[in-house]
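To keep things clear, I will list the structure first and then write my remarks on it.
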Protein chains: 2
Amino acid sequence: MSDQPQSPPELQVSAASHEAIVEPLQLGKRVREIRLSQNLTLEEASKRTGLARSTLSKIENEQISPTFTAVNKLVKGLGIDIPQLFSQPSKSRSSGGRRDITRCGEGKPRATPTYEHEMLASQLTNKKMIPYKTTVRARSFDEYADWVRHDGEELLYVLSGSIRFYTEFYEPIDLAEGDSAYYDCEMGHTLISTSETDAVILWVTA
Amino acid sequence: MSDQPQSPPELQVSAASHEAIVEPLQLGKRVREIRLSQNLTLEEASKRTGLARSTLSKIENEQISPTFTAVNKLVKGLGIDIPQLFSQPSKSRSSGGRRDITRCGEGKPRATPTYEHEMLASQLTNKKMIPYKTTVRARSFDEYADWVRHDGEELLYVLSGSIRFYTEFYEPIDLAEGDSAYYDCEMGHTLISTSETDAVILWVTA
DNA sequence: AAGAAATATTTCCTATTGGAAACTTAATTC
DNA sequence: GAATTAAGTTTCCAATAGGAAATATTTCTT
């Protein structure tokens with residue numbers, strides 16, 4: 001990932017831009033907190049999770065990086081909520097006052113043949129919504145191998161240009177600047193640009 | 001190396017208690033879905049995540065259980081949302097194929113002294129997100145009696161004009177067209193327009 | 001305070017992961 | 001249709017995780 005778009009590094013730092021959580025991700029610390037909060041000894045935790053005492057100890061002390069299966073045992077055994085694991089150890093406000101500013105064009109880029117995504121608020125993890133500013137590169141329905149389908153719901157707002165919005169269960173519909181659509185993502189959906197220049201949209205998934 | 005996460009012989013019988021069943025979670029399947037949905041080859045995914053092609057392949061084919069660090073690389077590299085990883089592969093066809101188009105200016109209006117909201121996709125109920133196109137009428141911080149606080153998380157995108165974004169725990173920050181912010185709504189927040197004309201923003205709450 | 005008990009860490013070893021490269025399969029091109 | 005190219009899988013091996021038991025540390029008891 002060496003592709004930074006034409007964005008001067010200087011701007012990136014501007015003011016309070018990107019002061020989110022920089023996740024060092026101390027899984028161990030987190031696990032220990034959780035275990036202790038349940039008043040469990042390593043031995044008990046071991047019984048519940050099926051992981052060896054020693055393994056638990058090492059995990060908590062960040063001496064090893066547990067495998068996914070191990071993490072799952074932890075989650076099940078200790079009744080941990082997943083995001084809990086990936087979120088920051090209670091910096092007093094577990095999720096109370098987060099804020100992440102993304103300057104125009106400073107999102108985290110990701111390109112596909114058909115779209116050019118720019119993820120907004122990429123510094124924040126555990127978001128309920130995932131916002132993208134996306135340039136629609138595709139010009140024809142044929143450029144897609146298949147419908148795009150995934151979990152969740154999506155909001156689409158046309159920032160500039162115009163698009164044709166194809167969905168699995170509806171007739172294609174043309175959307176111009178300022179128009180928007182809200183839909184279930186399990187339903188196949190794809191977009192193409194219909195304007196001179198590639199259309200740009202705001203795309204929010206939840 | 002050919003361990004299928006089924007039921008280990010020793011554990012099979014013990015009905016007594018907890019025995020930390022081995023992951024019913026098909027991480028690999030999930031990862032593959034996600035990668036393909038982004039039209040990435042293993043090679044590209046490898047570059048983005050920093051994991052070897054072979055490793056990715058094995059993960060997707062459930063031949064190995066990636067370490068936590070590996071999972072993190074996946075998450076970061078592919079821009080995966082955590083719960084996405086742990087949620088079951090889209091079996092829960094909860095709401096199906098809804099769609100709601102809102103033409104520019106055709107939203108459901110609602111006015112307050114300080115804001116002029118236009119609710120998008122108002123036909124659809126039970127949405128995870130509530131999108132508004134809002135004109136910011138306020139011109140001074142004093143026009144607000146108190147902080148606005150409510151549940152959830154909010155995404156704010158400046159469509160036109162410029163605003164000053166006040167939050168309870170941070171310094172006010174100026175946002176121009178194309179800038180965006182993501183924040184927890186329990187934290188007090190208000191906006192004022194700083195441009196000639198009232199600024200217009202897209203506001204999504206979840 | 002010394003010993004016992006409980007809890008946590010470390011050691012040692014085997015099993016598994018993760019990477020480089022070889023190999024296979026599928027898609028294109030000539 | 002053979003030859004290339006691209007995408008994915010498998011192999012081999014070094015690095016590391018996970019478990020059992022030994023060791024260290026803390027916490028009770030008496």
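The chains referred to below are lettered A, B, ... by the order of the sequence lines, with proteins before strands, and numbering in each begins at 1.
- Backbone-only contact: T41(B) has heavy atoms under 4.0 Å from sugar-phosphate atoms and none from a base.
- Across the protein-nucleic acid pair, L36(B) atom CG and dA7(D) atom P stand 12 Å apart, rounded to whole Å.
- Contact check on R98(A) versus E153(B) returns a salt bridge, with a Lys/Arg side-chain nitrogen under 4.0 Å from an Asp/Glu carboxylate oxygen.
- A distance below 6.0 Å separates the ring centres of Y183(A) and F165(A).
- Looking at heavy-atom distances under 4.0 Å, I64(A) makes contact with sugar-phosphate atoms alone, never a base.
- The CG atom of L40(A) sits 13 Å away from the C1' atom of dT7(C) (whole-angstrom rounding).
- Scanning atom types as modelled, no donor and acceptor separated by under 3.5 angstrom connect the side chain of S54(A) and the base of dG18(D).
- Side-chain contact of T205(A) with E154(A): a donor-acceptor pair under 3.5 Å is present, judged by distance alone.
- Residue T55(B) is in base contact, counting any heavy-atom pair closer than 4.0 Å across all strands shown.
- Put simply, R35(B) has a side-chain N or O that comes within less than 4.0 Å of OP1 or OP2 on dG8(D).
- Between N39(A) atom CG and dT27(D) atom P there is a gap of 14 Å when expressed in whole angstrom units.
- L56(B) comes within 4.0 angstrom of no nucleic acid atom, judged by non-hydrogen atoms across all strands.
- Here dT9(D) presents its C1' atom at 8 Å from CD of Q63(B), a figure rounded to the nearest Å.
- Between R32(B) and dT9(D), a side-chain N or O to OP1/OP2 separation shorter than 4.0 Å is present.
- Ring geometry for F141(A) against Y166(A) counts as tilted: the plane angle lies between 30° and 60°, on a 0 to 90° scale.
- Note: CD (E62(A)) to P (dG18(D)) measures 14 Å, nearest angstrom.
- Two residues, T67(B) and L42(B), neighbour DNA chain D, and the one matched to the more 5' nucleotide by heavy-atom proximity is L42(B).
- Separating the CG atom of L51(B) from the C1' atom of dG8(D) is a distance of 16 Å, rounded to the nearest angstrom.
- The distance from atom CG of N72(B) to atom P of dT17(C) is 18 Å, rounded to the nearest whole Å.
- Residue E60(A) contributes atom CD, which lies 14 Å from atom P of dT7(C) at whole-angstrom precision.
- Residue-to-nucleotide proximity on DNA chain C shows that, of R53(B) and P66(B), the 5′-proximal contact is made by P66(B).
- H189(A) and T167(A) share no side-chain donor-acceptor pair at under 3.5 Å.
- A donor N or O paired with an acceptor N or O is found under 3.5 Å between the base of dG19(C) and the side-chain atoms of K58(B).
- Dashed line: the shortest gap from a side-chain N or O of N61(B) to OP1 or OP2 of dT9(D) is under 4.0 Å.
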